[in-house]
Amino acid sequence: MSSSTQAQRIVLAARPQGEPTATDFRLETVQLPAPAAGQLLLKTLYLSLDPYMRGRMNDAKSYMPPVGLGQTMVGEVVAEVVESQLAGYAAGDLVLAHSGWVSHALSDGQGVRKIDPDTAPIETRLGVLGMPGFTAYAGLREIGKPRAGETVVVAAASGPVGSLVGQLAQRSGARAVGIAGGTRKCAYVKDVLGFDVVIDHHAEDFADQLATACPDGIDVYFENVGGPIWHAVFPLLNPFARVPVCGLVADYNGSAAVSDGLSVAGLMRGILSKSITVRGFINYDLDYCFGDFLKEVGPAIKQGEIEHLEDIVDGLENAPATFMGMLKGKNFGKVLVRVGERR
Ligand code: NDP
């Protein structure tokens, strides 16, 4: 049927030392053959850029293997089926796939999921109604377990995970205290997302402001960031507080302070004496909640009860710079790269 397709991809050219730089990535052009029997040819519409990708650039043991040098950077996409040689799919279908940082990909259908553009805007499937939104929902429901009247604190509060954590906490009757970087993000968290309080972590008296914002202590701290924010939060945790450990973005470039006054012994003493629950999780550990997530959060988004924001950049070639910016807080909302247009 079709002939070969010229595709672009971004590969890992070098392993970053600290912050990634442009030379750690390489844009390549490749020819993809026509799909064979059992294959799909996918055209990327949106590529999701997520903080976890920084960890995949390291040659280190983790919950997933690293990206190899010269290999395509990993990532989830919304794609259009251009040509199908796989039963159950037709040209024009829209799907979620793990194609990585590419304009086009061949797939055998593994990990591919059809999406219906009439139920929700397709870009939300990579954000509030996708992996980050699910992470917020599942971590809060299964580990945070907020109750009415409790105080829930979350940092990176304007991003796709944090923004949903705070809004869901409030739907449980809890107070939501957001932490974000800069005036614009803080205004959004307070005025649009409707958090009860927001604090700028760049403020010199950040720890004092946090204590003032939490006069009854902290019952749930949804950990997205680590570093100095964790140090300000820890003394404020109440007995029986719950800490879903979701991410440590302040440390992904290896820049967090090594010694800042909270020893392992001090940490463990606090956890013991206050009966605190600290539990790390990767979203797929909790995938048994996914059906409930779609049932509860999907309609709330459709009815405009849950706010969300996408930060969309055009062009695959801009993915590296956008990704590097996100790790430094330059994004404003869920980071997506618009790679191609729907036919
Ligand atoms: P965001 O879109 O919110 O982007 C990351 C944000 O982190 C930045 O915008 C910035 O916001 C903040 N940040 C970066 N560096 C620092 C720093 N040094 N100190 C304080 N804040 C900083 O990200 P997501 O919503 O996609 O992800 C949030 C967290 O959740 C990440 O840690 C991510 O790795 C984790 N995650 C974990 C998953 C899991 O399965 N466990 C799944 C998905 C995400 P600001 O400018 O407001 O500070």
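Every number for a ligand or one of its atoms is a count from 1 in the order of the listing.
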Between [options], flag the one that comes closest to [atom] by a heavy atom.
| atom | options | result |
| --- | --- | --- |
| atom 4 (O) of ligand 1 | L327, V154, N331, I282 | N331 |
| atom 11 (O) of ligand 1 | E223, K185, R54 | K185 |
| atom 21 (N) of ligand 1 | M53, M326, R184, H201 | H201 |

By number and element, which atoms of ligand 1 are closer than 4.0 Å to a non-hydrogen atom of [X]?
| X | value |
| --- | --- |
| G247 | 32 (O), 35 (C) |
| G159 | 2 (O), 3 (O), 25 (O) |
| A180 | 47 (O) |
| A156 | 3 (O), 6 (C), 7 (O) |
| L248 | 32 (O) |

[atom]: the protein heavy-atom neighbour that sits closest, reported with distance to 0.1 Å:
| atom | answer |
| --- | --- |
| atom 44 (C) of ligand 1 | V161 CG2, 3.8 Å |
| atom 47 (O) of ligand 1 | G181 N, 2.8 Å |
| atom 38 (C) of ligand 1 | T135 CG2, 3.6 Å |
| atom 7 (O) of ligand 1 | V249 CG1, 3.4 Å |
| atom 19 (N) of ligand 1 | V225 CG1, 3.6 Å |

- Query: Ring centroid separation for Y188 and F332, is it under 6.0 angstrom?
  - Reply: yes
Is there any N or O on [X] that sits under 3.5 Å from an N or O of ligand 1?
| X | answer |
| --- | --- |
| C246 | yes |
| Y252 | yes |
| K330 | no |
| F281 | yes |
| N224 | yes |
| A250 | no |

Kindly compute the distance separating [atom1] ([X]) from [atom2] ([Y]), expressed to the nearest 0.5 Å.
| X | Y | atom1 | atom2 | answer |
| --- | --- | --- | --- | --- |
| E204 | H202 | CD | NE2 | 12.5 Å |
| N238 | S275 | CG | OG | 12.0 Å |
| D311 | L49 | CG | CG | 10.0 Å |

- State, without any angle test, whether N58 and R15 hold a side-chain donor-acceptor pair at a distance under 3.5 Å. no
- Query: Between K328 and ligand 1, which residue portion shows a heavy-atom distance shorter than 4.0 Å: side chain, backbone, both, or neither?
  - Reply: neither
- Item | Whether over 12 other heavy atoms sit under 6.0 Å from Y288 OH | yes
- Item | Candidates K334, E123, E76 - the one meeting side chain to side chain donor-acceptor pair (under 3.5 Å) with S48 | K334
- Query: Should the pair F323 and F25 be assigned to parallel (<30°), tilted (30 to 60°) or perpendicular (>60°) ring geometry?
  - Reply: perpendicular
- Task: Please report the closest heavy-atom contact between R175 and P215, naming both atoms and the distance.
- Result: NH1-CD, 4.2 Å
- Test item: V30 and R9 side chains (from C-beta on) under 4.5 Å apart, heavy atoms: yes
